Amino acid sequence: MLHQLEIPKLPQVPTKLIVGIRFFSGIFCGGEDATRLETIVSETVKPGAEVALVKETKAQRSERLKLEKNPWEAWNEVRRFAREGRGSVLPEWAEFYFKWWGVYTQGDGAGVTGGVGGQGKATEYFMMRIGLPNGLLTARQLHAIAEITQRYARGVADITTRQNIQLHWLTIEALPEVVDALSAVGLSPKGACGDVVRNVTGCPLAGLDRHEILDASPLALEVSRMLSANPEFYNLPRKFKISVTGCPIWCSYPEINDVALTGLRRIKDGKQELGYSVRVGGGLSTEPHLAVRLNAFVPQDRALAVVRAICEIFREQEVLRQSRTHARLKYLFLKHGWTAERMLEAIEEKIGFRFEPCPEGAIAQDIYRDHVGVVPQRQPGLSSIGVTVLNGRLNPAQLHGLAALSEAYGDGSLRATIGQNIVLVNLAKARTAEVVKKIAALGLEVQPTVFYRGAVACTGTEFCKLAIAETKRFNQWLVGELEERLPDFDQQIRLHVTGCTNSCGQSWLADIGLEGKKLKQGGQMVDAFYFCVGGAVGEYAGIARQIGFRAAAQDCPDAIERLLRGYLSQREEDENLRAFFRRRSDEDLRALLAGAVVEAVERDLAPGPVPANVG
């Protein structure tokens, strides 16, 4: 199909030229249509004439680059870059193709404000995400990651909110060596970024939890094997996030995934049957949207086909390839009129099977969803220990130490969580007290305070080119301040810090979500945060409210202390924090934060493009 694109009038071009370009789903293509394009241009443009070219949009460029190359099949190019040095890296690799290998260029520490065009400056270094389907790890793998972190990444490893481990400070020369070292222990960064199926998340206690509906980890791994790093799905409109869990507390946050399967019980013909409930279209970023549930009972033997069908439906949506900022599955619901019923019909048509309607069943309660602490497993004599890792950051000694403890007291199994934490599993129940002491000796917490336990932070300006504020050191300081000021605070609280408006730190889901920005204070621009309050998942699922309050970073402890003391003094009997936030108006909450009645301020728009690693 030929679309007429109007060439802008330039001084060198006396008249407007109309050039036909074959444009399908934002993609410039070859073949017969390319020949037709050449014919049109030759018939339209006279020899010697100067032609003004229409600049590609970001979406068009992305679609063209994906058609030109599957990065998973071109790793030898990266090996050549490593031999020839950083200056040999092609722009399309640095800006685009590396993402398919879980790699991004690393920022210079100034974030977006240090650059131009909505992005900060890239350095010679790279950051890499290591995919861990369902968060599963072995001690051997964790030892290997520790060694890589020590040798190549300046001792910095971060657990992410998708059960990955992220490294920093990698040179171009190191990339092939790191990938080879990971491959040797059965790990890979492939598919951890890019327009592909991302790391498939699941419950870290799958197969171990005494209360789980079913062990969904075999399905999560099967989904990962089928879709992750699969050439059939290397060219999706945008990232595609999947969660598969049988956990009754929905610890993997199905509400914010593109596709989420949660365990479901039903009674049929007097017998209990176990299967799955399906949600689609969840995501955060600048336009948060909680996933929509489909009214269907999915038998276990149909679950894999359902996930594949939804991924294929997403791949086929031409309308989602027109804009990088509106390319996620959720936009079928937000902008293109799709409903749960229409999605279910499309799935059924794909797989040739009609599902029986089924009520939702129990919704995850308003409780901690992190599996932190010492927890008896379903296996007699065994326990798990959920370790809180503040902001997800670990050093090589801690990585080696956790791996060694899992070997000495268990079977060498560990699990990463979406809360940026790690769980040691299959430990001898009689020796858990010893393990807890040795974990504390590593500088980690098993019995954290409420503030420490609920803290999450994105990468921030330390490494991210799109961040506006520093996050991880700030959050560590903030937690310490709140622990000192409110030592007896008796409520669970999710305190999420994200460096910009894109919500990589999942600020939309937090009791208190802080979005990075800048404010002028004392004649200088300083880090500051916009407050979103009352986000939740599960029983009281909802997006945090933009209540019109902001504060410089140094003033945030005072504001949060005022808010939480206001809750303690004004709460009704048995009223938890989330219920209190729901009951009070934006004006009330803003006054508590400010210590006085103040006018609302508007939330800033995103300064640049939505990054590929966002919600």
Side-chain angles (χ1 to χ4, degrees), residues 134-135 159-164 192-193 197-204 216 220 223 236 238-245 247 249-262 276-294 307 310-311 314 325-334 338 340 343 360 363-364 366 368-370 392 416-421 454 456-458 494-498 500-513 515 532 534-546 578 610-615:
N134 208 104
I159 304 173
T160 77
T161 55
R162 286 202 69 78
Q163 297 177 302
N164 300 302
C193 309
V197 173
R198 299 296 183 86
N199 190 50
V200 178
T201 62
C203 176
V223 168
L236 299 179
R238 209 69 156 85
K239 73 194 82 172
F240 195 70
K241 297 183 176 182
I242 301 172
S243 171
V244 180
T245 182
C247 175
I249 63 172
W250 297 0
C251 63
S252 58
Y253 291 6
E255 300 95 334
I256 59 170
N257 282 265
D258 292 284
V259 179
L261 301 184
T262 53
Y276 292 98
S277 186
V278 184
R279 281 177 169 75
V280 294
L284 296 177
S285 188
T286 55
E287 292 185 87
H289 182 254
L290 297 181
V292 175
R293 181 182 181 263
L294 309 185
V307 175
I310 299 171
C311 191
F314 178 55
T325 56
H326 298 125
R328 294 288 301 278
L329 185 67
K330 65 183 179 182
Y331 287 105
L332 292 182
F333 298 91
L334 287 172
W338 280 58
M343 178 61 75
E360 169 68 81
I363 302 292
D366 182 31
Y368 282 115
R369 303 169 82 172
D370 55 12
T417 83
I418 68 159
Q420 300 182 317
N421 298 324
V456 168
C458 73
R494 289 185 295 273
L495 182 64
H496 289 210
V497 178
T498 192
C500 68
T501 57
N502 288 310
S503 197
C504 298
Q506 301 179 341
S507 53
W508 290 121
L509 299 182
D511 294 303
I512 301 174
E515 285 184 351
C532 298
V537 285
E539 187 176 4
Y540 302 111
I543 300 301
R545 288 148 53 194
Q546 303 171 38
R578 279 147 300 289
V610 177
N613 58 322
V614 170

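Only heavy atoms go into these numbers, but all of them, side chains included; no hydrogens, no water, no symmetry mates. Since we're looking at a predicted model, the values are computed, not measured.
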Report task. Indicate the ring-plane relationship of His289 and Phe333, choosing parallel, tilted or perpendicular according to the 30° and 60° boundaries. Result -> parallel
Query raised in the report: Which of parallel (below 30°), tilted (30 to 60°) and perpendicular (above 60°) describes His326 and Tyr331?
Result: perpendicular
Which heavy atom of [X] sits nearest a heavy atom of [Y], and at what distance?
X	Y	result
Ala416	Pro204	O-CB, 4.0 Å
Gln506	Thr161	NE2-CB, 3.7 Å
Gly535	Arg494	O-NH2, 3.5 Å
Cys251	Cys247	SG-SG, 3.8 Å
Arg578	Asp511	NH1-OD1, 2.9 Å
Asn257	Arg162	OD1-NH1, 3.0 Å

Report summary line: salt bridge (Lys or Arg N to Asp or Glu O under 4.0 Å) test vs Asp258 passes for just one of Lys330, Arg328, Lys239, namely Arg328
Report task. Check side-chain hydrogen bond (donor to acceptor under 3.5 Å, both in side chains) between Arg545 and all other residues, then give those that pass, not counting sequence neighbours. Result -> Asp586
Report task. Report the residues that fulfil side-chain hydrogen bond (donor to acceptor under 3.5 Å, both in side chains) with Asn421, sequence neighbours left out, ordered by chain and then residue number. Result -> none
How long is the straight-line distance from [atom2] of [Y] back to [atom1] of [X], given to the nearest 0.5 Å?
X	Y	atom1	atom2	value
Ile418	Asn199	CD1	CG	11.5 Å
Thr417	Asp370	OG1	CG	7.0 Å
Ser507	Ile512	OG	CD1	12.5 Å
Met343	Ile310	CE	CD1	6.5 Å
Ile242	Leu261	CD1	CG	8.5 Å

For the residue pair [X] and [Y], establish whether any side-chain heavy-atom pair is separated by less than 4.5 Å.
X	Y	answer
Tyr253	Thr201	no
Thr286	Thr325	no
Cys532	Ile543	no
Trp250	Ile363	yes
Phe314	Leu332	no
Glu515	Trp508	yes
Val200	Val244	yes

Could you check whether any side-chain N or O of [X] sits under 3.5 Å from a backbone N or O of [Y], counting only pairs where one atom can act as donor and the other as acceptor?
X	Y	result
Gln420	Val456	no
Gln163	Gly202	yes
Thr262	Thr245	no
Arg279	Glu255	no
His496	Gly505	yes

Requested in this report: Evaluate the criterion side-chain contact (heavy atoms from CB on, under 4.5 Å) for residue pair Tyr368 and Ile249; output intermediate values, then yes/no.
Outcome: CA-CA 8 Å; Tyr368 282 115; Ile249 63 172; over 6 Å; no
**Report entry** Residue pair Ser252 / Ser243, side-chain donor-acceptor N/O under 3.5 Å
**Finding:** yes
